[in-house]
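These notes are about the structure you will find just below.
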Amino acid sequence: MKIIVTGGAGFIGSVMVQYLVNKYPEDMIINLDKLTYAGNLENLKPVEDKPNYRFVKGDIADRKFIFELFETEKPDVIINFAAESHVDRSVEHPEEFVRTNVMGTTTLLDACKAYGIKRYHQVSTDEVYGDLPLDRPDLFFTETTPLHASSPYSASKASADMFVMAYHRTFGIPVTISRCSNNYGQYQFPEKLIPLMISRALADEQLPVYGDGANVRDWLHVEDHCQAIDLIVRNGREGEIYNIGGHNERTNLQVVKTILAALDKPESLIKYVKDRPGHDRRYAIDPEKLTKELGWKPQYNFDTGIRQTIEWYLDNKSWWERIISGEYQNYFKEMYKDRVTD
Ligand code: NAD
Ligand code: TDX
């Protein structure tokens, strides 16, 4: 099978690519990534010389490029991770979110329509459902919860999901969608809560907690997310949506305090700052459909997963220090100067 993973140089995409390359040596895995600020080929070092792995630099919203790629590669499966993914950036600059997240998705779907595909999988998010109230812990997002996006980021992801389902119904494209809760783990870009707080705490810098810190996120280890996507792509039913989550709800303050305790740093580093506009209060996933239909179960619980993740950031200081200094962006030039014309 030939699988194109888009956004495979990002946080979750790079873990997915490593997982597929190692688990399915008979499959060819093509990592298609534009290498925006969030794309880092250093994440792929463990697999970059494997015979069933290839990197292609390109933009999912570039129609000519995508159609030519489908023409030459004739992929069997597309797993679309490529996206602008940071909510705060979407508040500042929504345009790029529409371009990549919506038009990039429709460009890929058009190519699937023109050249055929065995499975198009859209990696979506629980943020498309909006948020839940803090005083109703009995409520969870299910696959039939109405879409109610709050931020330009989640509106762009919800819009993409609607196009995916429309292309399924109108043109018969064999699609699946997964909607996962917040991920944590290795290779997460240090703009997101957990790696940001780890890197700042280690430097004894203030930790900016938005609002009152009582917002709740439902955390899932990135490897559990990737395993679920693999199951859905191979065994999930066409035209279906699957929620992914592991019932690991924590307030932001609990997460930050856990990090401080693990690093032996004082809570006085916490600094309450102005809230994110439109800040969602609580996310919580009901993963029952995925569990019942496909037998998926997460391997990690948050308490052990977060400890391992903190260890990873301690052991891989140079990885995130090169990001903070901007040096990682030279890696493509160094590694690929003789391999691609760009
Ligand atoms: P990320 O920002 O770390 O990575 C995104 C990747 O996409 C980068 O490598 C970037 O270079 C690439 N990219 C961006 N625009 C592109 C374009 N136009 N063409 C080709 N490549 C492009 O994101 P992430 O956190 O790994 O998230 C991956 C996917 O998972 C996203 O679709 C996101 O919405 C979804 N998701 C993320 C989480 C989470 O907690 N991080 C949770 C649920 C769903
Ligand atoms: O400095 C910060 N201080 C703070 O209090 C940052 C960066 C975040 N926060 C809060 C905001 C959120 O309540 O922490 C929580 C987590 O924030 P993010 O890491 O930015 O994630 P979130 O907004 O929840 O979205 C993430 O999960 C769903 C991903 O970035 C999305 O791509 C995914 O779809």
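Atom set for the values below is all heavy atoms of this structure, side chains included, hydrogens, waters and symmetry mates excluded.
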Would you call [X] and [Y] a salt bridge, using N to O less than 4.0 angstrom?
{"X": "Asp204", "Y": "Lys265", "answer": "yes"}
{"X": "Arg99", "Y": "Asp62", "answer": "no"}
{"X": "Arg307", "Y": "Glu311", "answer": "no"}
{"X": "Asp131", "Y": "Arg281", "answer": "no"}
{"X": "Arg179", "Y": "Glu127", "answer": "no"}
{"X": "Arg54", "Y": "Glu73", "answer": "yes"}
{"X": "Lys289", "Y": "Glu240", "answer": "yes"}
{"X": "Arg217", "Y": "Asp280", "answer": "no"}
{"X": "Asp135", "Y": "Arg282", "answer": "no"}

Got a sec, which residues hit side-chain hydrogen bond (donor to acceptor under 3.5 Å, both in side chains) with [X], two or more places apart in sequence or on another chain?
{"X": "Lys274", "answer": "none"}
{"X": "Asp286", "answer": "none"}
{"X": "Gln299", "answer": "none"}

Could you name each residue pair satisfying salt bridge (Lys or Arg N to Asp or Glu O under 4.0 Å) that touches residues 15-26, not counting sequence neighbours?
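Sorted pair list: Lys23-Asp230.
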
Verify side chain to side chain contact (heavy atoms under 4.5 Å, CB included) between Asn31 and Val56, making sure each step is shown before the conclusion.
CA-CA 6 Å; Asn31 171 9; Val56 177; over 6 Å; no

Are Trp312 and Tyr187 close enough that their ring centers fall under 6.0 Å?
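Yes; Tyr187 has its ring centre under 6.0 Å from that of Trp312.
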
Would a line drawn from the ring center of Phe189 to the ring center of Tyr37 be shorter than 6.0 Å?
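Between Tyr37 and Phe189, which both carry aromatic rings, the centre distance is below 6.0 Å.
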
Look up atom [atom1] in [X] and atom [atom2] in [Y], then write down how far apart they are to the nearest 0.5 Å.
{"X": "Leu263", "Y": "Met197", "atom1": "CG", "atom2": "CE", "answer": "12.5 Å"}
{"X": "Lys2", "Y": "Ile30", "atom1": "NZ", "atom2": "CD1", "answer": "5.0 Å"}
{"X": "Thr36", "Y": "Lys34", "atom1": "OG1", "atom2": "NZ", "answer": "7.5 Å"}
{"X": "Leu220", "Y": "Asn182", "atom1": "CG", "atom2": "CG", "answer": "9.5 Å"}
{"X": "Asn215", "Y": "Leu253", "atom1": "CG", "atom2": "CG", "answer": "10.5 Å"}
{"X": "Phe302", "Y": "His221", "atom1": "CZ", "atom2": "NE2", "answer": "10.0 Å"}

For [X], does the [atom1] atom sit with more than 12 other heavy atoms under 6.0 Å from it, leaving out its own atoms?
{"X": "Lys297", "atom1": "NZ", "result": "no"}
{"X": "His148", "atom1": "NE2", "result": "no"}
{"X": "Asp264", "atom1": "CG", "result": "no"}

Are the side chain of [X] and the backbone of [Y] linked by a donor-acceptor contact shorter than 3.5 Å?
{"X": "Arg119", "Y": "Gly236", "answer": "yes"}
{"X": "Arg250", "Y": "Val255", "answer": "no"}
{"X": "Ser150", "Y": "Gly130", "answer": "no"}
{"X": "Asn316", "Y": "Trp319", "answer": "no"}
{"X": "Asp218", "Y": "Asn248", "answer": "yes"}
{"X": "Thr100", "Y": "Phe97", "answer": "no"}
{"X": "Asn101", "Y": "Glu84", "answer": "yes"}
{"X": "Asp224", "Y": "Tyr300", "answer": "yes"}

Kindly indicate, with the supporting measurements, whether the criterion side chain to side chain contact (heavy atoms under 4.5 Å, CB included) is fulfilled by Ile244 and Ile232.
CA-CA 10 Å; Ile244 312 175; Ile232 295 166; 4.1 Å; yes

Honestly, is Arg234 close enough over Tyr24, meaning NZ or CZ under 6.0 Å from the six-membered ring centre and within 45° of the axis?
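Pair Arg234/Tyr24 counts as cation-pi.
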
Assess whether side chain to side chain contact (heavy atoms under 4.5 Å, CB included) is satisfied between Leu260 and Leu207, documenting all intermediate values.
CA-CA 10 Å; Leu260 285 170; Leu207 309 187; 3.6 Å; yes

Show your working on salt bridge (Lys or Arg N to Asp or Glu O under 4.0 Å) between Asp126 and Lys157 and close with a plain yes or no.
CA-CA 10 Å; Asp126 61 356; Lys157 294 294 290 185; over 6 Å; no

Result of checking Val233, Asn243, Ile241, Ile229 against Ser178 for side-chain contact (heavy atoms from CB on, under 4.5 Å)
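Exactly one candidate clears the test, Ile229.
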
Between Ser151 and Ser154: side-chain donor-acceptor atoms closer than 3.5 Å
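Ser154 and Ser151 do have a side-chain donor-acceptor pair below 3.5 Å.
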
List, by chain and then residue number, the residues other than Tyr210 in its hydrophobic cluster (Ile/Leu/Val/Met/Phe/Trp/Tyr, side-chain heavy atoms under 4.5 Å); write none if there are no others.
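Val273, listed by chain and number.
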
Quick one: do Val256 and Val209 satisfy side chain to side chain contact (heavy atoms under 4.5 Å, CB included)? Show the steps, please.
CA-CA 8 Å; Val256 171; Val209 170; 4.1 Å; yes

Report the C-alpha distance between Arg89 and Glu96 in whole Å, list the side-chain angles of each, state the deciding distance to 0.1 Å, and finish with yes or no for salt bridge (Lys or Arg N to Asp or Glu O under 4.0 Å).
CA-CA 10 Å; Arg89 287 180 193 258; Glu96 201 51 31; over 6 Å; no

Indicate every side-chain donor-acceptor pair of residues 163-175 with a distance under 3.5 Å to a residue at least two apart or in another chain.
{"residue": "Tyr167", "atom": "OH", "partner": "Asp110", "partner atom": "OD1", "Å": "2.7"}
{"residue": "His168", "atom": "ND1", "partner": "Ile173", "partner atom": "O", "Å": "2.9"}
{"residue": "Thr170", "atom": "OG1", "partner": "Ala166", "partner atom": "O", "Å": "2.9"}

